Structures are given as structure tokens and as C-alpha cells.
2 protein chains.
Amino acid sequence: MSDERYLQIGEVAEQLKLTPRTLRYYEEIGLLEPPSRMEGGFRLYSAADINRLENIVQLKRLLGFSLAEIKQVVEAMESLKLLRQESRQAGDLETKRDSLRMGLEILEQQVEVLDGRLGQIAELRDRYHERSLRVRERLEQIEAELLAVTVNTSS
Amino acid sequence: MSDERYLQIGEVAEQLKLTPRTLRYYEEIGLLEPPSRMEGGFRLYSAADINRLENIVQLKRLLGFSLAEIKQVVEAMESLKLLRQESRQAGDLETKRDSLRMGLEILEQQVEVLDGRLGQIAELRDRYHERSLRVRERLEQIEAELLAVTVNTSS
DNA sequence: GGTGCAGTTTCCGTTAAAGTCAACGACTTA
DNA sequence: TAAGTCGTTGACTTTAACGGAAACTGCACC
């Protein structure tokens, strides 16, 4: 329980390329669970805290989700974790089952969203790629012509 | 030259799920080339205009780019198009070649960005997916247990 | 041609989200 | 103990729009 390395806000901020202010802000709007503190009041972030934060940052950077959307996801995850703990103890098998089902649904939904996004971006990528192929073709043609001229001239 | 169908701002907005206000805003910040107008001053968007807009909207929606970032991309594309036209007329083969090379570089850079993004999102997706697999496994185990109990009881 | 009305124009002002800045005291650590 | 961090609070900023006023346009109907 004590071999965990806790980081202070500045270190965490640097690691994730945010500012300490932003971390406090995320906490303020309920996006981040309040981390533990030193006696003096300084925030101490656990590995789990940082993990959650990384998740948040990625949803934001990669998907462009708003903090409100991210909050929903995070809350869903949090509830999943709660259910998981509850599920370990709940003697009632049916309760366990229902908890897991709910959690599973949340996760699968997330995967679906990501898959959808992947497909759309891939489509966009292909459009750009095809355009670049066409340009490349044209370029090579020009280069061939240019080469021919050079050869002719130098003969 | 006249079989093009021009759309008014409201129709375009509806089609792309934006508001007319937003279209004017994009134009104001230089993200959108000013479209042509009717005699009375109403904006008329060509198919090409709408195409560019679709590109913008997708960069925004799919990648979460800021309007400033999108502007850079759009400007790069615009310069590519300019180069392309220039390249058609430029009698000088070397000039053509250089234009095409620059354009190609822009496009390939774009593809790279998209590929990078795709990889990162795929990674995220896989993490979620694996978690969901683990939960599913656990769920099936519970369901099996539950079934066993039922059979036992009903015997 | 006149009238009505929805859609559009420009010109403001306002807003919501996501931070950023500043001040100043309290805490940590070298 | 001095230098560097951190805490809180409240005001400020930037981005990406939204809303409304007042006037103008396009088009359909009479």
C-alpha cells in the first residue's frame, strides 16, 4: 500500500503536457477525482490518478471530445469500476451478472464509437492518399519528359 | 459554365448541419473563400465551395482540429490548387515539376498526420476492446454458474 | 404592378467552454 | 532559512460561435 510513488501537480502536468492550473480546473469541474494530499495540502497523484488523466487527455486530443463528453465517459468508467468492486463482494450471482452486463455495455459502446471514428478518418485519409497518387503520377510523367529533353540536348 | 447549381446559405447550412451564421463566421475569419453573390447580395455557393466546406467540417468533427489549424490545411490545399493551375500553363517543365513536388509534399504530409491519428485511435480502441473482452469472459462465467444453480434447483 | 413574407444582409452585443493570469500566503525541501 | 512549489480565489482571455435589430432581396400570389 505504500510502494506507490506519488507525484505532485507540477510533475504530473509536465508529464502530460498540461499546466498545473488545468489539472486543478479539471478537478474543479468534476472531471478528475480529487487526489490525496500531503499534510500541508499539496496534491499527490497516484499512478491510478495519472492513468485516468491520460485517458482523459487522449479522448480530448485524439477525438476532440468536449470536457462534458469526456466526463460522461469517465463517469461510465467509474461506475464500471464501482460495479466491479461491488460485484466481487455481492453474494448474489444475479446482481453480479447485471453489474457486469451494464459495464460491458458501456465498454462496447465506447469501442463502437471509436470504430466509427476510425472508419471515417480512414475514408478521409484515402481521399487524400488518392489525390497524392494522382499528383505523383503526373510528377513522374513530367520528370520523364524532362529527362528525355536532357538526353536529347546532350547528344 | 452555367449548368452549375448554386445554393443559398440556408440550404448549404442545412446540408452540412451548420447555421448560416457559422458559414458567415467562417468566411469572416478567412476560412472560407467568399462565395459569389446574386445581384442583390445573397451568397451563392458553388459545388466546389461546398466541397471545401465539407472538408473543413470533417477536419473539425473527426479530428477535433481548431479553426486555426484547419485554416493552415485549407491554405495548403489552396496553394496546391494554385500550383496545379499554374502548372498547366507554365511552359517551363522545371517549374511544373517543382510545383507538383511541393503540392505532393503537402498532400503526403496530410496523409501522414491522418495515419498517425489513425494509429493512436486504434490503440485506444484496442485498450477498450480488451477490457471489454475480459469483462465479457467474466460475465459468461457468472452466467454459467447461474445456470448450474438453476438446473440443480429444478432437479 | 403591388403586397407579403421568408430568407438574407451587416452590425453589433452576448455567451459557453476551456482555460490563463495575478496576488499573496502557506508549504517543502535543499 | 531561502528558493522554489503549491493553494485558493476572482478576474480576465480566447475560441467558436449565437442572438437580435433594422434594412434589403427574392419570389409567390393577387
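Model, not experiment: these values are computed from the prediction. Chain A is the first sequence line, chain B the second, and so forth, proteins listed ahead of strands; every chain is numbered from 1.
- At a cut-off of 3.5 angstrom, the base of D:dG19 holds at least one donor-acceptor pair with the side chain of B:Arg21.
- The nearest heavy atom of DNA chain C to A:Phe42 and to A:Tyr25 marks one nucleotide each, and the one closer to the 5' end goes with A:Tyr25.
- Positionally, the nearest nucleotide of DNA chain C for B:Glu11 lies more toward the 5' end than for the other of A:Thr19 and B:Glu11.
- Considering only the side chain of B:Ser66, D:dA16 comes nearest among D:dC18, D:dA16, C:dT28.
- Remark: P of C:dA18 and CZ of A:Phe65 are 13 Å apart, rounded to the nearest angstrom.
- Closest approach of A:Gln8 and A:Tyr45 over heavy atoms only: C-CD1, 4.3 Å.
- To the nearest angstrom, C1' of D:dT15 lies 12 Å from CD1 of B:Ile70.
- For the pair B:Lys71 and B:Gly30, the tightest heavy-atom approach, listed with the atom from each and the gap, is CE-O, 3.7 Å.
- When the side-chain nitrogen and oxygen atoms of A:Arg37 are compared with OP1 and OP2 of D:dT8, one or more of them lie within a distance under 4.0 Å.
- Listed nucleotides C:dA18, D:dA16, D:dC6 differ in distance to A:Ile9; the shortest reach to its side chain belongs to D:dC6.
- Among the protein residues, B:Arg24 comes within range of the nucleic acid bases, having at least one heavy atom under 4.0 Å from a base atom.
- Nearest heavy atom pair, residue A:Ile121 against residue B:Arg117, reads CD1-CG, 4.4 Å.
- Rounding to whole angstrom units, CG of residue A:Leu67 and P of D:dT15 are separated by 17 Å.
- The phosphate of C:dT8 (OP1 or OP2) has a side-chain N or O of B:Gln8 nearer than 4.0 angstrom.
- When rounded to the nearest whole Å, the span between CD1 of B:Ile56 and C1' of D:dA17 equals 15 Å.
- Taking atom CD1 of residue B:Ile29 and atom P of nucleotide D:dT15, one finds them 10 Å apart after rounding to whole Å.
- In this structure, B:Glu28 places its CD atom 18 Å from P of C:dT8, rounding to the nearest Å.
- Look at CG on B:Leu23: it is 16 Å from C1' on D:dG19, rounded to the nearest Å.
- The distance from atom NZ of B:Lys60 to atom C1' of D:dA16 is 7 Å, rounded to the nearest whole Å.
- Between A:Thr22 and C:dT20, a side-chain N or O to OP1/OP2 separation shorter than 4.0 Å is present.
- Both B:Gly41 and A:Gly10 lie close to DNA chain D; mapped to their nearest nucleotides by heavy-atom distance, the more 5′-ward contact belongs to A:Gly10.
- Nearest heavy-atom pair across A:Arg125 and B:Leu114 is CA-CD2, 3.6 Å.
- Side-chain nitrogen and oxygen atoms of A:Arg43 include at least one within less than 4.0 Å of the OP1 or OP2 phosphate oxygen of D:dG7.
- Taking only side-chain nitrogens and oxygens, B:Tyr26 comes nearer than 4.0 Å to OP1 or OP2 of D:dA17.
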Stepwise side-chain hydrogen bond (donor to acceptor under 3.5 Å, both in side chains) check, B:Asp98 with B:Thr95 = CA-CA 5 Å; B:Asp98 294 348; B:Thr95 306; 6.0 Å; no
